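All remarks here apply to the structure that follows.
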Amino acid sequence: MKIFNKKLDLQQFLAPFYLEKKAVGLVPTMGALHEGHLSLIQKALSENDIVVVSIFVNPTQFNNAEDLEKYPRNLSGDIKTIERLSQKVVIFAPEISEMYENTPKAISFDFGGLDKVMEGKFREGHFQGVATIVEKLFELVKPTRAYFGEKDYQQILIIKSMLEQRKLPVTLVPCPIIREESGLAMSSRNERLSPEGRKQAAFIYSVLQEAQKLFTTASVAEVEAFVKEQFSQKEGFDLEYFTITKADTLKEVKEKKSSESYRAFITVYVEGVRLIDNIAL
Ligand code: PAF
C-alpha cells in the first residue's frame, strides 16, 4: 500500500488517474480510525477507482491546546487497519509543515453565521480551521467525490458552503452515523473514555431517541426542557448544549411547521471527554 508524506509525491502518483479520467475518492480524517471511518472508506471504494485517505491532526481547528495535545494519534495502527481493508487505498499523512507554511493559520471564510452556532459557538474558529484544511486537501487531491460522516453534521454544511464559494468541482457525499452496539456514536474521542464511561455514554443516544419520539407530539421548548432535565439528574454527564434546528440552515426553531425538516444536536462531557451527536427529527 502507498503512503505519502509529501504533497508532490501524492500529486505525481495521482496524475495518471486524472489523465485517464478515473474517479478519485477522498476521505479526510484526523486518524485514530474506527468503524465510522471504515464505512466512509468502504463507500468511497465502491464508488471510485482510487481512494485517498488523509490522516492529519489539523492544528488550526483546535481552539484549545490541551484538546489538540490529547487528540488520539495512532498512525501505525491506522496503516495496518487500512492495509487489511484494501490495496486500492493510498494514505496521505503529512507533517504540519507540509500543509502550513510558517505558523499554522486558518483562512477567514464568510459562512454567514453557520460557523458561529453550536460547535462554532463553543469552539471558536473551529470551522475556519476545518474549511482551511479541507480546501487545501481538495486543491491537492482534486477528488471526484469526498466523504464525510453525519456525526459532524455542521461540518458537512460548512464544507458544502466552502465548495460553493470556491466553485470546486467536488461531489460531497454525506454518510450516516455509525454507532457502537450500545448506540454511542463512533468517534476517535471514545478511545479516551474508560470502559465504564464508554458504556455509560450510550445514555446520550438513548436520550436523543426519546427526544425524537417526544418531538412528534410535544413543542420544541418541551423537548429541550425534557433533555435538560435528563442530564441534570445524571451524574457524570455535563451537558454543554442541546438544540433543535432547521436541518438545512441550523437556525434555531421556536415553533415547528409540518413542511420543515428538523434536527437535534447535542454535546456532552463524559469523564472530561467532549462527545457530540445528532439525530433527524
Ligand atoms: O472530521 C474530521 O476528522 C476533520 O474535521 C477533518 C474533516 C478531517 C478536517 O481536519
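We number each residue from 1, following the sequence as shown. For clarity, every value in this text was computed on a predicted model and none was experimentally measured. Atoms within a ligand are numbered from 1 in the order they appear, just like the ligands themselves.
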Could you check whether Tyr153 and Phe265 have their ring centres less than 6.0 Å apart?
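Here the rings of Tyr153 and Phe265 have centres that are less than 6.0 Å from each other.
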
For Phe203 together with Phe237, are the ring centres under 6.0 Å from each other?
yes

Identity and distance of the protein heavy atom lying nearest atom 3 (O) of ligand 1
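Answer for atom 3 (O) of ligand 1: Met30 CG, 3.7 Å.
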
Which residue and atom name correspond to the protein heavy atom nearest atom 10 (O) of ligand 1, and how close is it?
Gln61 OE1, 2.6 Å

Hey, is Arg198 close enough to Glu180 for a salt bridge, meaning N to O under 4.0 Å?
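Salt bridge between Arg198 and Glu180, a charged N being under 4.0 Å from a carboxylate O: yes.
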
For the CD atom of Glu224 and the CD1 atom of Ile244, what is their distance to the nearest 0.5 Å?
5.0 Å

Counting each atom of ligand 1 from 1 as listed, which ones have a heavy atom of [X] under 4.0 Å away?
X	result
Thr29	8 (C)
Ile133	9 (C), 10 (O)
Pro28	8 (C)

Please indicate whether any nitrogen or oxygen in Gln155 is less than 3.5 Å from any nitrogen or oxygen in ligand 1.
yes

Kindly determine whether Phe13 and Phe4 satisfy ring pair (Phe, Tyr, Trp, His ring centres under 6.0 Å), including the steps that lead there.
CA-CA 9 Å; Phe13 171 81; Phe4 299 105; 5.3 Å; yes

